[in-house]
Amino acid sequence: MHGPADEAESERRGSAHPDKSRDSGAGWRLRNWKLGRKLVVILLVPALSTLTLAGLRLSSQLDDARQYGDDRHQLAVAGQAATVVDLLQAERDSVVAYIAAGRVDQPPKFGPVDTAVDTLRDDRATVSGPVGDAVDKGLEQLDQLSALRNSAVTTRLPDVAALTTYTEVIDSLIQIVRVAATNVSHPLLSPLDTSVQTLTDAKEQLRLQGTLVVSATLHKQFAPDLADQLRAAQARFASDMEDFTNTAGADNRQLAQDTISGPDVDERNRVVQLALVQSGDGGGAITVRPADVQALSSTTAALFTRVVGQIQQQAQSVVRTLIGAARGAAFRDSALVIVALLIALAVTAFVARSMLIPLRVLRRSALEVARTKLPAAIERIMRDREAEGEAVEPVPVHTTEEVGQVARAFDAVQREAVRLASEQAALRGNVNAMFVNLSRRSQALVERQIGVIDRLEQDEQDPDQLASLFELDHLATQMRRNSENLLVLAGTTLTRRVTRPVLVSDVLGGAMSEVEKYARVQIAPAPDLTIQGRAVNDITHLIAELLDNATAFSPPTSKVTVRSAKMRRGELAIEIHDRGVGMQEPDLAAANERLADPGEVDVTASRQMGLYVVAQLAKRHDIKVRLRDNADIEGGVTRTWSSRPRWSTGPTPCPRRPRRRRPWPPRPPSALPCPSRTCRRTSSACPSGCRARCRRSSPTSRRSRVSPSRWTCSRRAARRRRPSPR
């Protein structure tokens with residue numbers, strides 16, 4: 001719904017852009033069509049083309065052509081398997097006869113079978129699916145031939161065992177023919193393949209009958225159960241021939257009757273039946289000659305092979321015809337589809353051009369704005385809020401359809417993003433100004449407080465009162481550090497500056513002086529290096545935050561050790577180690593990620609101010625700070641600090657001034673017990689880290705509660721100030 005305000009705004013924009021108002025009246029132009037109308041035009045021709053393709057059944061015909069090609073490969077593999085079966089049946093007869101005769105003749109030849117098997121292995125890659133699985137199983141059975149042949153020639157393997165093994169291998173190969181026949185569903189191919197399968201099964205039963213009779217004739221009688229196997233083979237042969245009669249066509253039935261007939265076929269049947277009659281119940285002697293049985297079985301099997309070959313040729317001819325017809329129909333339909341697609345392509349290209357050009361302009365402009373212009377505008381606004389007026393540049397798409405409306409919406413989004421960036425910059429500036437103002441006020445009060453404490457310390461002689469003043473002085477120093485944290489959060493540099501380089505040891509001592517539990521900090525001897533004056537205060541502040549974190553999260557009775565060294569590449573490395581409870585791996589990874597990239601100030605910075613301050617100071621001076629869990633050694637966390645060589649230089653001697661100045665420290669206080677209990681008469685420096693020489697307390701001081709035999713530190717150990725300029 002549009003209100004009066006929207007209509008007024010539209011009129012105002014129309015008057016401001018007269019070209020757009022003229023284009024709005026030309027709704028009949030193609031570039032001003034609605035996106036839905038364009039899509040209808042684009043999709044209309046492909047829809048008609050799809051209907052044409054569906055009507056012509058192009059995809060179905062192509063699938064049929066591929067299926068017929070697969071059938072042709074399957075028939076070829078089945079034919080090769082039938083060839084291997086023929087050769088293997090002959091080898092079975094020879095091996096059984098060789099074993100039954102007592103292995104007195106020459107061993108049979110195995111070369112023809114091996115050659116045919118190699119061809120079958122090569123044809124395996126042309127088939128897949130159930131036929132491929134059947135071929136794999138047949139090849140696995142063929143792998144047993146080597147062991148079977150070796151056993152038949154070199155061992156006393158019985159002929160019945162060899163007969164059984166050969167029959168199993170042949171059955172696995174005949175299974176390829178069966179699967180190929182059942183995998184064909186075309187009405188012209190299915191009878192032919194079924195006929196081949198039934199004749200192959202019948203031929204196997206016929207050859208098996210001959211092998212059983214040969215074995216019986218050589219042994220003069222049937223072995224146990226061989227007569228029953230012969231009768232079962234005759235029954236299966238009759239069943240297979242009946243199946244062939246039921247499935248084959250009239251021509252193939254006549255072909256089989258004309259081919260598988262004659263005196264040899266009749267003689268084979270008579271010889272087999274005579275062997276069964278002579279055996280009787282298994283006790284009679286068989287007088288049939290083995291050579292006659294082998295010759296008659298081979299002749300009859302050759303007739304079956306001839307019929308199977310002719311039927312296979314018929315199947316191959318039918319497959320070639322079907323493939324040619326499917327391809328011809330596919331080519332015809334493809335031509336029609338190509339013509340329709342060319343027409344559709346021309347219309348689609350014409351319509352799509354009017355859509356793509358504005359879309360490309362919109363996309364290019366949007367990417368340019370998102371990647372370059374908008375970030376640059378926001379950066380300018382962050383630096384200068386007066387740059388807001390020149391930040392928005394409209395997308396150069398002036399059509400009135402959906403693409404143009406998207407362009408105008410993108411312009412609105414861009415303006416809103418710039419406005420939000422301006423408000424965010426203003427808000428951030430106000431927050432930073434508040435941080436700076438509060439910090440400056442707190443710093444002024446703290447400095448005045450430290451000055452008052454200094455005056456009280458100068459005149460105080462009572463050790464207890466002086467210790468209390470030192471504690472107040474130390475707390476004031478911590479307050480000053482907290483105020484400086486606000487400056488760091490606001491992105492402002494610290495006000496105090498050091499103009500000359502300062503020794504690393506003095507920087508460490510100054511950092512320790514700002515820690516509440518300074519007495520637990522042990523500083524190892526530092527390398528003779530100095531840090532540039534402009535970075536001294538920030539680095540001191542950074543180390544103080546790390547020391548404060550180490551003392552806060554470790555047992556009160558433990559020590560926090562600080563070690564520093566000059567690395568091989570000239571970097572200065574400082575390691576702060578505590579013996580606390582340590583950190584979990586996720587927390588440690590999150591802390592190191594925050595140290596590497598502090599990000600913007602948010603609520604997390606207020607909860608983890610020390611971590612954020614360390615990260616900001618480290619980023620400001622290109623310092624690497626990392627946390628490392630030390631649970632496997634002594635417990636706690638190790639903080640590693642390393643800086644580039646430009647922050648650490650060689651030792652810079654303190655220049656002598658012509659006028660007399662106060663020694664360091666500025667004023668020696670009255671005797672105060674050293675916080676370290678390891679000071680001895682022979683020590684030349686206080687081991688607590690104050691780097692001041694120890695002297696004996698004055699026994700004449702009545703206000704001091706330190707016994708004359710105790711050694712006290714000449715410098716106030718409880719008060720550590722930042723390194724002063726040298």
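What you see below is based on every heavy atom in this structure, not just the backbone, and it leaves out hydrogens, waters and symmetry mates.
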Results of salt bridge (Lys or Arg N to Asp or Glu O under 4.0 Å) for R364 - residues two or more places apart only: none

Nearest heavy atoms of V515 and A544, plus distance in Å: CG2-O, 3.8 Å

Taking every non-hydrogen atom, the tightest pair across V397 and A407: CB-CB, 3.9 Å

Sub-4.5 Å side-chain heavy-atom contact between L546 and V614: yes

Nearest-0.5 Å distance, CG of residue L469 to CG of residue L456: 5.5 Å

Donor-acceptor under 3.5 Å (R579 side chain, P555 main chain): no

Minimum side-chain heavy-atom gap V560-S554 below 4.5 Å: yes

Flag, side chain of R520 to backbone of S558, donor-acceptor distance under 3.5 Å: yes

Any I531 side-chain heavy atom under 4.5 Å of V504 side chain: yes

Test side chain to side chain contact (heavy atoms under 4.5 Å, CB included) applied to I543 and I539, step by step: CA-CA 6 Å; I543 298 174; I539 294 177; 3.8 Å; yes

Residues in salt bridge (Lys or Arg N to Asp or Glu O under 4.0 Å) contact with E416, at least two apart in sequence or another chain: R419

Side chain to side chain contact (heavy atoms under 4.5 Å, CB included) partner of L503, chosen from D528, V536, L529: D528

Note, P396 side chain near V361 side chain (heavy atom, < 4.5 Å): yes

Separation of R628 CZ from H577 NE2 (nearest 0.5 Å): 9.0 Å

Side chain proximity check, Q461 to L466, heavy atoms < 4.5 angstrom: no

Spatial distance of atom CG (L547) from atom CD (E514) [nearest 0.5 Å]: 10.0 Å

Donor-acceptor under 3.5 Å (N592 side chain, R626 main chain): no

Side-chain donor or acceptor of R408 paired with backbone N/O of T400 under 3.5 Å: no

Option among I576, V562, L508, T561 that satisfies the side chain to side chain contact (heavy atoms under 4.5 Å, CB included) test with V521: V562

Within 6.0 Å of NZ in K566, more than 12 heavy atoms from elsewhere: no

T551 (side chain) donor-acceptor with D548 (main chain) under 3.5 angstrom: yes

Residue pair H621 / Q532, side-chain heavy-atom distance below 4.5 Å: no

Atom pair CZ (R563) and CD1 (I574), whose distance is rounded to the nearest 0.5 Å: 13.0 Å

